[in-house]
Amino acid sequence: MNVLVIGGGNMGMTYAEAIAKSNFLTSGSLMIFDKSQEKQAELRANGLFDVHECLDTCLPEADVVLIAVKPVHAAALMDEMKPMVSSEQLFVSIMAGVTIDTIQQGVGTNKVVRAMPNLPALVGLGMTSFTASAHVSRLELAAIEQLLDTTGRSIGLTSESEIDASTGISGSGPAYIFYFMQAMMDAAWKMGFSKADARLLVGQTFAGAVELFNSSTLSPEDWMAKVASKGGTTRAALDSMDDNNVNALIQEAAYAAFHRAEELGKQTEGKEATHG
(Lines give C-alpha, C1' and ligand atoms only; values in the text may rest on other atoms or scores of the structure.)
Protein backbone atom coordinates (compact mmCIF):
# COMPACT_ATOMS: atom_id res chain seq x y z
CA MET A 1 0.00 0.00 0.00
CA ASN A 2 1.21 3.49 -0.86
CA VAL A 3 -0.01 6.32 1.37
CA LEU A 4 0.14 10.00 0.45
CA VAL A 5 -0.32 12.77 3.02
CA ILE A 6 -1.23 16.12 1.48
CA GLY A 7 -0.26 18.99 3.77
CA GLY A 8 2.78 19.22 6.03
CA GLY A 9 1.22 21.29 8.81
CA ASN A 10 0.73 20.13 12.39
CA MET A 11 -1.85 17.43 11.66
CA GLY A 12 -0.34 16.30 8.36
CA MET A 13 3.08 15.95 9.97
CA THR A 14 1.55 14.23 13.00
CA TYR A 15 -0.13 11.55 10.88
CA ALA A 16 2.88 11.12 8.61
CA GLU A 17 5.22 10.62 11.56
CA ALA A 18 2.79 8.32 13.37
CA ILE A 19 2.29 6.15 10.28
CA ALA A 20 6.04 6.03 9.64
CA LYS A 21 6.80 4.93 13.22
CA SER A 22 3.97 2.35 13.37
CA ASN A 23 3.56 -1.06 11.78
CA PHE A 24 0.78 0.19 9.51
CA LEU A 25 2.87 0.07 6.35
CA THR A 26 4.53 -3.34 6.20
CA SER A 27 5.20 -2.69 2.52
CA GLY A 28 4.76 0.20 0.12
CA SER A 29 5.75 3.79 0.67
CA LEU A 30 4.75 6.84 2.67
CA MET A 31 4.73 10.06 0.68
CA ILE A 32 4.04 13.63 1.74
CA PHE A 33 3.31 16.68 -0.38
CA ASP A 34 3.38 20.35 0.53
CA LYS A 35 3.63 23.36 -1.79
CA SER A 36 5.80 25.39 0.57
CA GLN A 37 9.52 25.08 -0.22
CA GLU A 38 10.33 25.93 3.38
CA LYS A 39 8.04 23.15 4.58
CA GLN A 40 9.50 20.74 2.03
CA ALA A 41 12.97 21.35 3.47
CA GLU A 42 11.67 20.73 6.97
CA LEU A 43 9.99 17.50 5.87
CA ARG A 44 13.13 16.24 4.15
CA ALA A 45 15.17 16.91 7.27
CA ASN A 46 12.76 14.64 9.15
CA GLY A 47 13.93 11.72 7.03
CA LEU A 48 10.93 9.44 7.62
CA PHE A 49 9.09 9.72 4.30
CA ASP A 50 9.34 10.61 0.61
CA VAL A 51 8.80 14.34 0.12
CA HIS A 52 7.25 15.55 -3.14
CA GLU A 53 7.13 19.03 -4.67
CA CYS A 54 4.44 18.25 -7.25
CA LEU A 55 1.22 16.27 -7.03
CA ASP A 56 1.76 14.56 -10.38
CA THR A 57 4.79 12.69 -9.01
CA CYS A 58 2.94 11.20 -6.03
CA LEU A 59 -0.85 11.33 -6.33
CA PRO A 60 -1.15 8.77 -9.18
CA GLU A 61 0.99 6.33 -7.14
CA ALA A 62 -1.11 6.53 -3.96
CA ASP A 63 -3.62 3.94 -2.81
CA VAL A 64 -4.72 6.04 0.18
CA VAL A 65 -4.67 9.84 0.16
CA LEU A 66 -4.90 11.68 3.48
CA ILE A 67 -5.93 15.32 2.95
CA ALA A 68 -4.66 17.50 5.79
CA VAL A 69 -5.00 21.07 4.50
CA LYS A 70 -7.09 23.99 5.71
CA PRO A 71 -10.70 23.89 4.42
CA VAL A 72 -10.22 27.24 2.69
CA HIS A 73 -7.76 25.53 0.31
CA ALA A 74 -10.04 22.55 -0.40
CA ALA A 75 -11.64 23.69 -3.67
CA ALA A 76 -8.38 24.70 -5.38
CA LEU A 77 -6.63 21.53 -4.22
CA MET A 78 -9.40 19.26 -5.45
CA ASP A 79 -9.44 21.02 -8.84
CA GLU A 80 -5.73 20.28 -9.15
CA MET A 81 -6.12 16.65 -8.06
CA LYS A 82 -9.17 15.71 -10.11
CA PRO A 83 -7.44 14.92 -13.46
CA MET A 84 -5.00 12.57 -11.68
CA VAL A 85 -7.47 10.60 -9.54
CA SER A 86 -8.48 7.01 -10.18
CA SER A 87 -11.69 5.34 -9.01
CA GLU A 88 -9.74 2.81 -6.91
CA GLN A 89 -8.06 5.41 -4.73
CA LEU A 90 -9.36 6.00 -1.21
CA PHE A 91 -9.45 9.54 0.17
CA VAL A 92 -9.37 10.33 3.89
CA SER A 93 -10.12 13.93 4.81
CA ILE A 94 -9.39 15.60 8.13
CA MET A 95 -10.59 18.99 6.81
CA ALA A 96 -13.09 20.41 9.29
CA GLY A 97 -16.55 21.02 7.85
CA VAL A 98 -15.82 19.64 4.36
CA THR A 99 -18.50 17.04 3.60
CA ILE A 100 -18.08 13.69 1.91
CA ASP A 101 -20.26 14.82 -1.01
CA THR A 102 -18.12 17.93 -1.51
CA ILE A 103 -14.99 15.76 -1.70
CA GLN A 104 -16.62 13.22 -4.00
CA GLN A 105 -17.68 15.96 -6.40
CA GLY A 106 -14.38 17.78 -6.03
CA VAL A 107 -12.04 14.88 -6.85
CA GLY A 108 -14.45 12.85 -8.96
CA THR A 109 -14.38 9.62 -7.00
CA ASN A 110 -16.64 7.83 -4.54
CA LYS A 111 -14.33 6.29 -1.92
CA VAL A 112 -14.16 8.94 0.79
CA VAL A 113 -13.69 8.80 4.55
CA ARG A 114 -14.29 11.94 6.61
CA ALA A 115 -12.44 12.07 9.92
CA MET A 116 -12.28 14.52 12.83
CA PRO A 117 -9.10 14.22 14.91
CA ASN A 118 -8.18 16.36 17.89
CA LEU A 119 -5.05 18.08 19.16
CA PRO A 120 -3.78 15.30 21.50
CA ALA A 121 -2.99 13.35 18.32
CA LEU A 122 0.24 15.38 18.48
CA VAL A 123 1.33 13.25 21.46
CA GLY A 124 -0.24 9.95 20.39
CA LEU A 125 -3.34 10.38 22.57
CA GLY A 126 -5.73 11.63 19.93
CA MET A 127 -9.42 10.84 19.64
CA THR A 128 -10.56 10.62 16.02
CA SER A 129 -14.12 10.07 14.86
CA PHE A 130 -14.76 8.97 11.30
CA THR A 131 -17.46 7.96 8.84
CA ALA A 132 -17.32 6.76 5.25
CA SER A 133 -19.24 6.79 2.01
CA ALA A 134 -21.13 3.64 1.05
CA HIS A 135 -18.48 2.84 -1.57
CA VAL A 136 -15.78 2.12 1.02
CA SER A 137 -15.62 -1.61 1.75
CA ARG A 138 -15.47 -3.08 5.24
CA LEU A 139 -11.91 -4.26 4.57
CA GLU A 140 -10.87 -0.78 3.45
CA LEU A 141 -12.58 0.79 6.46
CA ALA A 142 -10.73 -1.56 8.80
CA ALA A 143 -7.43 -0.46 7.23
CA ILE A 144 -8.34 3.21 7.63
CA GLU A 145 -9.23 2.63 11.27
CA GLN A 146 -5.75 1.18 11.80
CA LEU A 147 -4.25 4.21 10.08
CA LEU A 148 -6.19 6.64 12.29
CA ASP A 149 -5.29 4.63 15.39
CA THR A 150 -1.61 5.41 14.82
CA THR A 151 -2.27 8.75 16.57
CA GLY A 152 -4.35 7.37 19.47
CA ARG A 153 -7.89 5.99 19.39
CA SER A 154 -10.67 6.19 16.81
CA ILE A 155 -14.40 5.61 16.69
CA GLY A 156 -16.48 4.78 13.62
CA LEU A 157 -19.74 6.70 13.29
CA THR A 158 -22.72 6.12 11.02
CA SER A 159 -23.35 9.65 9.73
CA GLU A 160 -21.75 13.01 9.06
CA SER A 161 -24.15 14.60 11.54
CA GLU A 162 -22.40 12.53 14.20
CA ILE A 163 -19.05 13.80 12.94
CA ASP A 164 -20.29 17.36 13.48
CA ALA A 165 -21.51 16.38 16.94
CA SER A 166 -18.17 14.77 17.79
CA THR A 167 -16.53 18.06 16.84
CA GLY A 168 -18.37 19.64 19.75
CA ILE A 169 -17.15 16.92 22.14
CA SER A 170 -13.74 15.52 21.18
CA GLY A 171 -12.69 17.78 18.32
CA SER A 172 -13.02 21.05 20.24
CA GLY A 173 -13.02 19.36 23.65
CA PRO A 174 -9.32 19.82 24.48
CA ALA A 175 -9.86 23.59 24.38
CA TYR A 176 -12.57 23.27 27.04
CA ILE A 177 -10.12 21.38 29.25
CA PHE A 178 -7.46 24.03 28.71
CA TYR A 179 -10.03 26.72 29.52
CA PHE A 180 -10.82 25.04 32.83
CA MET A 181 -7.12 24.52 33.54
CA GLN A 182 -6.40 28.19 32.88
CA ALA A 183 -9.17 29.22 35.28
CA MET A 184 -7.69 26.98 37.99
CA MET A 185 -4.21 28.36 37.37
CA ASP A 186 -5.57 31.92 37.58
CA ALA A 187 -7.13 31.01 40.93
CA ALA A 188 -3.84 29.51 42.12
CA TRP A 189 -1.95 32.69 41.22
CA LYS A 190 -4.46 34.77 43.16
CA MET A 191 -3.93 32.48 46.13
CA GLY A 192 -0.22 33.29 46.00
CA PHE A 193 1.31 30.36 44.12
CA SER A 194 4.05 30.99 41.57
CA LYS A 195 3.28 30.28 37.91
CA ALA A 196 5.52 27.21 37.99
CA ASP A 197 3.85 25.80 41.09
CA ALA A 198 0.38 26.60 39.75
CA ARG A 199 1.20 24.76 36.51
CA LEU A 200 2.40 21.71 38.42
CA LEU A 201 -0.59 21.69 40.79
CA VAL A 202 -3.12 21.96 37.97
CA GLY A 203 -1.37 19.75 35.40
CA GLN A 204 -0.80 16.85 37.76
CA THR A 205 -4.33 17.15 39.17
CA PHE A 206 -5.83 16.82 35.69
CA ALA A 207 -3.48 13.99 34.71
CA GLY A 208 -4.34 12.06 37.87
CA ALA A 209 -8.08 12.59 37.54
CA VAL A 210 -8.08 11.44 33.91
CA GLU A 211 -6.06 8.34 34.81
CA LEU A 212 -8.52 7.48 37.59
CA PHE A 213 -11.44 7.87 35.17
CA ASN A 214 -9.81 5.76 32.44
CA SER A 215 -8.69 3.02 34.82
CA SER A 216 -12.18 2.20 36.07
CA THR A 217 -15.83 1.99 35.04
CA LEU A 218 -16.92 4.62 37.54
CA SER A 219 -18.72 7.68 36.19
CA PRO A 220 -17.54 11.25 36.84
CA GLU A 221 -20.44 11.57 39.30
CA ASP A 222 -19.19 8.49 41.16
CA TRP A 223 -15.71 9.98 41.44
CA MET A 224 -17.07 13.33 42.59
CA ALA A 225 -18.96 11.53 45.34
CA LYS A 226 -15.73 9.87 46.46
CA VAL A 227 -13.94 13.23 46.70
CA ALA A 228 -16.72 15.41 48.13
CA SER A 229 -17.98 14.93 51.67
CA LYS A 230 -20.92 16.78 53.18
CA GLY A 231 -19.85 20.14 54.54
CA GLY A 232 -16.32 19.75 53.13
CA THR A 233 -14.16 21.87 50.84
CA THR A 234 -14.88 19.96 47.64
CA ARG A 235 -18.63 20.09 48.25
CA ALA A 236 -18.36 23.86 48.68
CA ALA A 237 -16.68 24.11 45.27
CA LEU A 238 -19.16 21.81 43.53
CA ASP A 239 -22.12 23.63 45.09
CA SER A 240 -20.72 26.90 43.78
CA MET A 241 -20.49 25.43 40.26
CA ASP A 242 -24.04 24.10 40.49
CA ASP A 243 -25.34 27.48 41.73
CA ASN A 244 -23.69 29.15 38.72
CA ASN A 245 -25.03 26.58 36.21
CA VAL A 246 -21.52 25.59 35.09
CA ASN A 247 -22.74 22.17 33.89
CA ALA A 248 -25.39 23.76 31.65
CA LEU A 249 -22.93 26.34 30.33
CA ILE A 250 -20.42 23.65 29.33
CA GLN A 251 -23.16 21.76 27.50
CA GLU A 252 -24.17 24.97 25.71
CA ALA A 253 -20.56 25.49 24.66
CA ALA A 254 -20.37 21.96 23.20
CA TYR A 255 -23.60 22.55 21.27
CA ALA A 256 -22.24 25.87 19.97
CA ALA A 257 -19.25 24.03 18.50
CA PHE A 258 -21.58 21.36 17.05
CA HIS A 259 -23.83 23.92 15.36
CA ARG A 260 -20.82 25.84 14.02
CA ALA A 261 -19.49 22.62 12.47
CA GLU A 262 -22.83 22.17 10.71
CA GLU A 263 -22.72 25.76 9.47
CA LEU A 264 -19.18 25.35 8.12
CA GLY A 265 -20.25 22.24 6.23
CA LYS A 266 -23.11 24.09 4.56
CA GLN A 267 -20.85 27.03 3.70
CA THR A 268 -18.24 24.73 2.17
CA GLU A 269 -20.87 22.94 0.09
CA GLY A 270 -22.14 26.27 -1.14
CA LYS A 271 -18.66 27.46 -2.10
CA GLU A 272 -17.94 24.17 -3.89
CA ALA A 273 -21.18 24.43 -5.87
CA THR A 274 -20.32 28.00 -6.86
CA HIS A 275 -16.70 27.11 -7.61
CA GLY A 276 -17.67 24.14 -9.74
Side-chain angles (χ1 to χ4, degrees), residues 11 14-15 17-19 21-24 94 115-131 141-142 144-159 161-188 191 193 196-258 261:
M11 277 301 174
T14 294
Y15 273 98
E17 288 183 338
I19 294 168
K21 294 174 182 177
S22 72
N23 294 321
F24 179 75
I94 58 173
M116 171 50 61
N118 67 5
L119 195 60
L122 296 175
V123 292
L125 293 172
M127 183 66 244
T128 302
S129 56
F130 68 94
T131 193
L141 201 56
I144 295 306
E145 184 172 5
Q146 290 178 14
L147 182 152
L148 297 175
D149 281 348
T150 61
T151 62
R153 300 282 300 275
S154 64
I155 181 172
L157 302 175
T158 59
S159 70
S161 176
E162 289 182 311
I163 293 291
D164 291 331
S166 74
T167 301
I169 303 301
S170 59
S172 300
Y176 316 156
I177 307 302
F178 296 140
Y179 189 98
F180 201 95
M181 291 177 76
Q182 186 63 58
M184 288 180 65
M185 288 175 66
D186 290 343
M191 293 175 185
F193 291 101
D197 286 346
R199 182 182 179 91
L200 176 60
L201 284 166
V202 173
Q204 186 62 21
T205 298
F206 266 80
V210 170
E211 183 61 27
L212 283 173
F213 176 76
N214 286 334
S215 65
S216 78
T217 59
L218 295 179
S219 70
E221 287 185 338
D222 292 331
W223 281 114
M224 283 189 285
K226 286 181 174 294
V227 180
S229 57
K230 186 176 181 179
T233 57
T234 306
R235 177 46 57 195
L238 295 176
D239 286 346
S240 175
M241 291 183 198
D242 287 341
D243 291 343
N244 287 285
N245 296 316
V246 173
N247 184 295
L249 291 174
I250 293 172
Q251 292 187 52
E252 286 182 20
Y255 270 97
F258 169 33

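Keep in mind that what you see is a predicted model, and the values were worked out from it rather than measured.
- Considering every non-hydrogen atom in both Ser159 and Thr131, the closest pair reads N-OG1, 3.6 Å.
- In this structure a side-chain-to-backbone donor-acceptor pair under 3.5 Å is present from Asp222 to Ser219.
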Could you give the side-chain donor-acceptor pairs of residues 226-245 under 3.5 Å, partners two or more places apart or in another chain?
unit_1, atom_1, unit_2, atom_2, d
Arg235, NH1, Asp239, OD1, 3.4
Asn244, ND2, Ser240, O, 2.7

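- Taken to the nearest 0.5 Å, the OG atom of Ser172 stands 11.0 Å off from the CG atom of Leu119.
- A search for side-chain contact (heavy atoms from CB on, under 4.5 Å) contacts involving Met181 returns Ile177, Phe178, Val202, Phe206, not counting sequence neighbours.
- For Ser166, the side chain to side chain donor-acceptor pair (under 3.5 Å) partners are Ser129, not counting sequence neighbours.
- Among residues at least two apart or in separate chains, side-chain hydrogen bond (donor to acceptor under 3.5 Å, both in side chains) pairs with a member in residues 205-217 are Ser216-Trp223.
- Screening residues 197-209 for salt bridge (Lys or Arg N to Asp or Glu O under 4.0 Å), with sequence neighbours left out, gives no hits.
- With sequence neighbours excluded, the residues forming a side chain to side chain donor-acceptor pair (under 3.5 Å) with Glu162 are Thr158, listed by chain and number.
- Evaluation of the side chain to side chain donor-acceptor pair (under 3.5 Å) rule for Glu145 yields no partner, not counting sequence neighbours.
- Considering only residues two or more places apart in sequence or on other chains, Ile250 meets the side-chain contact (heavy atoms from CB on, under 4.5 Å) condition with Val246.
- Separating the CD atom in Glu17 from the OG1 atom in Thr14 is a distance of 6.5 Å, to the nearest 0.5 Å.
- Listed by first and then second residue, the salt bridge (Lys or Arg N to Asp or Glu O under 4.0 Å) pairs that reach into residues 164-180 are Arg114-Asp164, sequence neighbours excluded.
- When the side chain to side chain donor-acceptor pair (under 3.5 Å) test is applied to Asn247, the partners found at least two apart in sequence or on another chain are Gln251.
- Here the closest non-hydrogen pair linking Phe213 and Pro220 is CE1-CD, 3.6 Å.
- The CG atom of Asn23 lies 10.0 Å from the CD atom of Gln146; values are rounded to the nearest 0.5 Å.
- Panel note: side chain Thr167, backbone Ile163; a donor-acceptor pair is recorded below 3.5 Å.
- With sequence neighbours excluded, the residues satisfying side-chain contact (heavy atoms from CB on, under 4.5 Å) with Thr128 are Tyr15, Ala115, Pro117, Leu148, Thr151, Ser154.
- For Ala254, the side-chain contact (heavy atoms from CB on, under 4.5 Å) partners at least two apart in sequence or on another chain are Ile169, Tyr176.
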